[in-house]
Amino acid sequence: MYPSLGDITQKGYEKKRSKLLGAYLPHPPGKSPNSHLTFKGGRDSASVRSAAVGTTYNSLHFISHFFPSDVHTEAVQAALAKHKERKVAVPMPSKRRSLVVQTSMDAYTPPDTSSGSEEEGGQGEGTPTSSQGSISMEHWISRAIHQGSTTSSSSSSTQSGGSGAAGRLADVLAQTHNHSAPPDVTTYTSEHPVQVERPQVSTVPRTTPKYGNAKLMETGDGVPVSSRVSAKIQQLVNTLKQPRRPPLREFFVDDFEELLEVQQPDPNQPRPEGSQMVAIRGEPLGVVTNWPPSLEAALQRWGTISPKAPCLTTMDTNGKPLYVLTYGKLWSRSIKVAYNILHKLGTKQEPMVRPGDRVALVFPNNDPAAFMVAFYGCLLAEVVPVPIEVPLTRKDAGSQQIGFLLGSCGVTVALTSDACHKGLPKGPTGEIPQFKGWPKLLWFVTESKHLSKPPRDWFPHIKDANNDTAYIEYKTCKDGSVLGVTVTRIALLTHCQALTQSCGYTEAEIIVNVLDFKKDVGLWHGILTSVMNMMHVISIPYSLMKVNPLSWIQKVCQYKGKVACVKSRDMHWALVAHRDQRDVNLNSLRMLVVADGSNPWSISSCDAFLNVFQSKGLRPEVICPCASSAEALTVAIRRPTDDSNQPPGRGVLSMQGLSYSVIRVDSEERLSVLTVQDVGTVMPGALMCVVKPEGVPQLCRTDEIGELCVCSIATGMSYYGLSGMTKNTFEVFPMTSSGAPISEYPFTRTGLLGFIGPGGLVFVSGKMDGLMVVSGRRHNADDIVATALAVEPMKFVYRGRIAVFSVTVLHDERIVVVAEQRPDSTEEDSFQWMSRVLQAIDSIHNVGVFCLALVPANTLPKTPLGGIHLSETKQLFLEGSLHPCNVLMCPHTCVTNLPKPRQKQPEIGPASVMVGNLVSGKRIAQVSGRDLGQIEDNDQARKFLFLSEVLQWRAQTTPDHVLFTLLSSRGTVLSSLTCLQLHKRAEKIAAMLIERGHLQDGDHVALVYPPGIDLVAAFYGCLYAGCVPITVRPPHPQNIATTLPTVKMIVEVSRSACVMTSQVISKLLKSKEASAAVDVRSWPPVLDTDDLPKKKPPQLYKPSNPDTLAYLDFSVSTTGMLAGVKMSHTATSAFCRSIKLQCELYPSREVAICLDPYCGLGFVLWCLCSVYSGHQSILIPPSELEVNPALWLLAVSQFRVRDTFCSYSVMELCTKGLGLQTESLKSRGLDLSRVRTCVVVAEERPRIALTQSFSKLFKDLGLHPRAVSTSFGCRVNLAICLQGTSGPDPTTVYVDMRALRHDRVRLVERGSPHSLPLMESGKILPGVRIIIANPETKGPLGDSHLGEIWVHCTHNGSGYFTVYGDEALQSDHFNSHLSFGDTQTIWARTGYLGFLRRTELTDASGERHDALYVVGALDEAMELRGMRYHPIDIETSVIRTHKSIMECAVFPWTNLLVVVVELEGSEQEALDLVPLVTNAVLEEHYLIVGVVVVVDIGVIPINSRGEKQRMHLRDGFLADQLDPIYVAYNM
């Protein structure tokens, strides 16, 4: 130590360090840690500097050189230690085994060794050093911390499932920082416990069907389920319950807009208080008399007077000198290149290249000599070189953008070396292919042996430097676009002079260069300034640095180098590889230029390097960080001084202050600090000021961070070909606060953020490109990388391979961190590292990370020098092709601008005025179909009250008329029934029921038949015997375990006295497999109808009262409730009549039916309508379509059917299965032009996308687009709407999805944001009356208001068939009354939300047509944040996000939204979906997804109507039965 430098000894430092970290370590009671610590510089420096600046800097203290820079790592470790005490378990994502195995294979290629990093050490970590050689600086920085037992940085996690590792993440979330809102997990829990209320329709005490092979648990009532998944969800809920910020000020009042929160500025945020800054001038550029008038003139001078002087020595990969280029050779070869470029390309009359044209220079990083010759050749020929990277493949990251630059510069010729030319990718005929996005180029090799000698009399014209362009340097922007910065000849020369003066370069000095010589500091020092001063450059290729990171230090010793140009990563790797090399002596070094000295993490490399090499002769004042940018060239550089008494400056700045662009020394929270070192002073001959980064270039205050701007001859001139951007960057006139410009000359924006400190020292705190503005605060990507690296970095991720960028989600920037994971780290380790990184960033930067992703080693796109290609990485992330192996999303902590949760306002109550048919100024929403009684038609069946009588009448009058035809999968007729055959068969079945079954009239019979004619006959057999039939779907032979329990349950719940079935199924019911699934001994008697008795019953049963039960309609609703609805004889006949009238059905018609015949309208169409109306039903079992998807459409075409009915599943099967076969179907004669109605039978909102794609697809086969429509039915009324034949086409409206969440309808234009198309569900059936009522108050609503659809009609069901007779439920669903208005009528509640809207169209009677729009089931709707969401809307958004998502289902669980997606594609894509799904739902629905579950195709259960069984899925998920590929718990 140098005692003269101040009094900080090692002991003193230890004391300061313990004070610094004291606040975070447990300290003895009574002693409070010192909270205000200000460090001063060495003995003289502080007084000198504060005197220089006066009082403005009282808020900023500079710290002497010995204030250690590893404070950042310590701060991070201390922050993490602080979290360790309080543990809250956080769920670790669960991953399928196969996925884990694949990502941690040992078959990985070792870390990339192709080339180094531009940013920070992308060097293959596998530097060949001994095992202890990899003790990195991090190791000994953290060693200092590990000495104290208090803050051990790796905690052993013993809890199961990684929750221990995750515990610390929870603590971060538990902190009450002001910067994020609490997720709305607990908003409603105080008023009502979390319950999912469902009508309990099932008659059995909740025996829900099985899912997979385990018992399903009913989880709707909020009872936690003891399983792994739900335990994790419980952890998640507990974590999220901890308050993140004060409760919301007031609730969101029901206004028309859902407003996103606008970030309110924090009243306590620090504001700049200093005076306005003054521009700082560098020392005058002292023009020495013998400085050459141009760089070419310098080359000419040295090439002629000292041709033997060495100019450049290149190295091979063994570190042996490969070649020495002398000044004489450089001069003669450059002339040769110049001559050949101008005279040997093209023809004499039409040369390809003229002076002023641009040419590309494509040279590899290990051949600086060839590059130098080509570069000076261009300068001599007065053409403009554009140095670029060697394209390795046709699809290099960013190579396309380079191509755009070449194209815009009009480049047609590329100069290259022989070796490089041979290595370029070649086409089949040996020509170099055109790279993606590149112009067509002529490749020209510049080796001397390929060039012709210039004639004796030819000589390049050497002028004084002027304003012509000398060269163009490329620069990659934040968004990946590449710009060309033009540098004029005078700027080039002046820059070389300024560097010569500030670095004190002298003739024949030796300079060691590790940097890329094609651009930036490497080009300026190693190619340009060196020639001006006749210096000797030892160039070290990156390939050598990879093999031997110490090579540059060895060369400095070997050649007694005076100057070395390196990046901080070269110092870092030298440290890692350094093992007491005896012969290292660095005392020849007078200047070590650190090219990325402006990077916040370079300071730790500088300090650590000095620490080790000071004993090897390295003097502290030799280290000279500099700051540079493509636009402003060298911005500032620390001068090499001999005066050791002037220690460099450094500031310890508060991160909190920095995020508001204010400079504050951190006094309270010592953890979140950034230590910055100065990058020296302003360049000679330049003027520098600091302006506000956005808006008008106004001067900053002295304690404010802004963008550095430079006014100097030695800066770039323009972005080539982009005048607008040039104006904003190169022609800036900074202004004072009064608006007056400070200079008549324009300044250049450097793209660097910083401030000018005491004594004119320049400090850089970040780059404009790395700036992320999150809710009004600025964060620098580099700082966040530094924090992530300080968390036990080398164990899990590669040092130079972390990308930090922001993505815009929901109108704010969100931070994303992507890192490459080492192949040997385990899941648990990675998750632990990730959660610690989140904590560290949260503590130190006070900002949440939106997404942290780890990808396998070597998978991130690289820049040519091995750094991470940021914009390309961001692009991959956004399009879902990054393929991470670990993802942690934290939307709950980051997203703070969601709209406030809604508190419901009371709707219009009975007290509001109701005048005539108006409710609060709107026409009451009610509509009726045609009146059944009034319609006169020759309907013979009307005179019979019972269907059984209609059948007997038809058997007498038209015995041979065919009623039913069943088709096989080949499309042939399997069997058919005439009126008489059906009557005879039904008689035999009735006889069997009475004799063998000993049944009384009124007994219930379960009919378990496959779709077909037996089912129809059995149904009428029951009617003839006076029994009540219940149709039940038979169990699936391949899947008895899951399907048989449902059959058993329906049989038991319906109290069936016997089961009628076919012989095959009867055997199945009693099989061994069946007995494994249910108790087969408790079946009622099973009769098989394959061999019937020959006799008929004594007499056919005739019911005494038409209101008695005709049949029971059982079905499982989408919410998993089993309900049986009673259908009376009156309702059945009225139903058939209504459909007959709507569809104009007569005996001469054929109707094709491709539906499941077990419940609802499907059953009625399959079994009842033909008998009532006399038309022929062509029956097509939907299961046959799996064998032959074209079966249904071929049958429609072959039988020339006019009316056909199908389900959504059938339509989807046709759309997906026949999409590519329309041509071949056409050639087979398929013709759909006769179809006038094709109705989808459904109990849900019409699926517009599906019906439209179906119509479009089959339009070529003659299908009329208006033919396709939907119907709507529900449990209380099996068909309310059905398009039918006459009447206007179905209409579509667009509603605002945000208003819909507030139960309001707001019509918008098609294509407007947040619009949702809704299609009318078909025309109201005759005899049906509909009203829209408020589901809570039961009051009528006005036109275009959203409410529950209520229906009054003769074919309503007459109630639920329940064992316990739950009266309240029954009266509520089937016998409701309005609370005001028409309080007499009895209505049935459908349980669906919808609205009526009067259209401009007229219906058959000439009235204006009222359209009914169904929005969704109340049971399915999710109440989240006080708003009502329909699952289908969220699912639609999710399916659109990525091509691999085949299907999606969402459900809520304890106020968390769970999203399940089916993945088509490789499991490696599973994790790509997590951020995409989260983003889409946030953007479109303002909801934070709690859990994302990625599963295989076919896992989401779907019922026979094609509806998703979301509650089954939920129960399966909570019972751990889905075998998911990946489950992500969003924090």
Side-chain angles (χ1 to χ4, degrees), residues 117-120 358 360-362 365 375 384-391 396-409 411 437-438 469-488 491-492 495 515-524 527-528 567 595-596 598-599 626-635 693 707-710 712 714-732 747-753 764 766-771 781-782 805 861-872 874:
S117 137
E118 279 200 306
E119 298 317 316
E120 162 69 12
R358 273 80 43 213
L361 265 55
V362 185
N365 289 322
F375 190 90
V384 179
V386 184
I388 57 166
E389 305 302 336
V390 179
D396 270 4
S399 147
Q400 186 172 352
Q401 302 291 344
I402 295 265
F404 291 153
L405 171 69
L406 297 181
S408 62
C409 291
V411 172
W438 284 40
T469 302
Y471 69 96
I472 292 178
E473 179 167 317
Y474 83 86
K475 160 203 176 160
T476 307
C477 302
K478 188 176 184 173
D479 62 356
S481 55
V482 172
L483 307 176
V485 177
T486 61
V487 180
T488 61
L492 167 69
H495 187 225
L515 306 172
D516 179 7
F517 52 77
K518 295 190 290 299
K519 56 189 290 209
D520 212 73
V521 182
L523 172 69
W524 305 331
I527 302 284
L528 307 177
K567 277 195 167 180
D596 55 351
S598 59
N599 193 319
C626 75
S628 64
S629 80
E631 291 83 357
L633 311 184
T634 306
V635 176
E707 185 173 7
L708 305 180
C709 290
V710 175
S712 159
T715 62
M717 264 305 284
S718 68
Y719 291 129
Y720 188 89
L722 300 167
S723 49
M725 286 179 75
T726 295
K727 201 168 173 50
N728 293 338
T729 304
F730 296 93
E731 297 164 28
V732 177
F747 280 68
T748 298
R749 287 181 180 270
T750 62
L752 300 174
L753 293 167
V764 176
K767 296 192 186 71
M768 285 293 286
D769 270 359
L771 200 60
D782 285 336
F805 51 86
K862 305 276 191 297
T863 58
L865 274 180
I868 299 300
H869 198 294
L870 249 180
S871 55
E872 201 92 350
K874 176 173 173 175

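Values below: every heavy atom of this structure, side chains too, minus hydrogens, waters and symmetry copies.
For the pair V764 and A627, the tightest heavy-atom approach, listed with the atom from each and the gap, is CG2-CB, 4.0 Å. In terms of heavy-atom proximity, S628 sits nearest to V521 at OG-CG2, 3.8 Å. What you find for P387 and I472 is that their closest heavy atoms are CD-O, 3.2 Å.
Looking only at distances, a side-chain donor or acceptor of S629 sits under 3.5 Å from a matching main-chain atom of T750. The closest donor-acceptor contact from the side chain of W438 to the backbone of I402 lies at 3.5 Å or more, if one exists at all.
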Applying side-chain contact (heavy atoms from CB on, under 4.5 Å), run through Y719 and V485 and close with a yes or a no.
CA-CA 5 Å; Y719 291 129; V485 177; 3.9 Å; yes
side-chain contact (heavy atoms from CB on, under 4.5 Å) between L752 and K767, intermediate numbers included:
CA-CA 4 Å; L752 300 174; K767 296 192 186 71; 4.2 Å; yes
side-chain contact (heavy atoms from CB on, under 4.5 Å) between S871 and F805, intermediate numbers included
CA-CA 8 Å; S871 55; F805 51 86; over 6 Å; no
Go through K567 and D516 one step at a time and tell me if the side-chain contact (heavy atoms from CB on, under 4.5 Å) criterion holds.
CA-CA 10 Å; K567 277 195 167 180; D516 179 7; over 6 Å; no
Checking R749 against E707 for the salt bridge (charged side-chain N to carboxylate O under 4.0 Å, His left out) test, could you report, in this order, the C-alpha distance in whole Å, the side-chain angles of both residues, the deciding distance, and whether it holds?
CA-CA 7 Å; R749 287 181 180 270; E707 185 173 7; 2.6 Å; yes
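Applying the side chain to side chain contact (heavy atoms under 4.5 Å, CB included) test between K518 and each of N365, I388, L523, L361 identifies N365 as the sole match.
Under the ring-ring contact (aromatic ring centres under 6.0 Å, His included) criterion, F747 pairs with no residue, sequence neighbours left out. Listed by chain and residue number, nothing satisfies the ring-ring contact (aromatic ring centres under 6.0 Å, His included) test with Y720 (two or more places apart in sequence, or in another chain).
Inter-residue side-chain proximity for I868 and K862 is flagged as met; some heavy-atom pair is nearer than 4.5 Å. Put simply, the side chain of S718 does not reach to within 4.5 Å of the side chain of T469, judged on heavy atoms.
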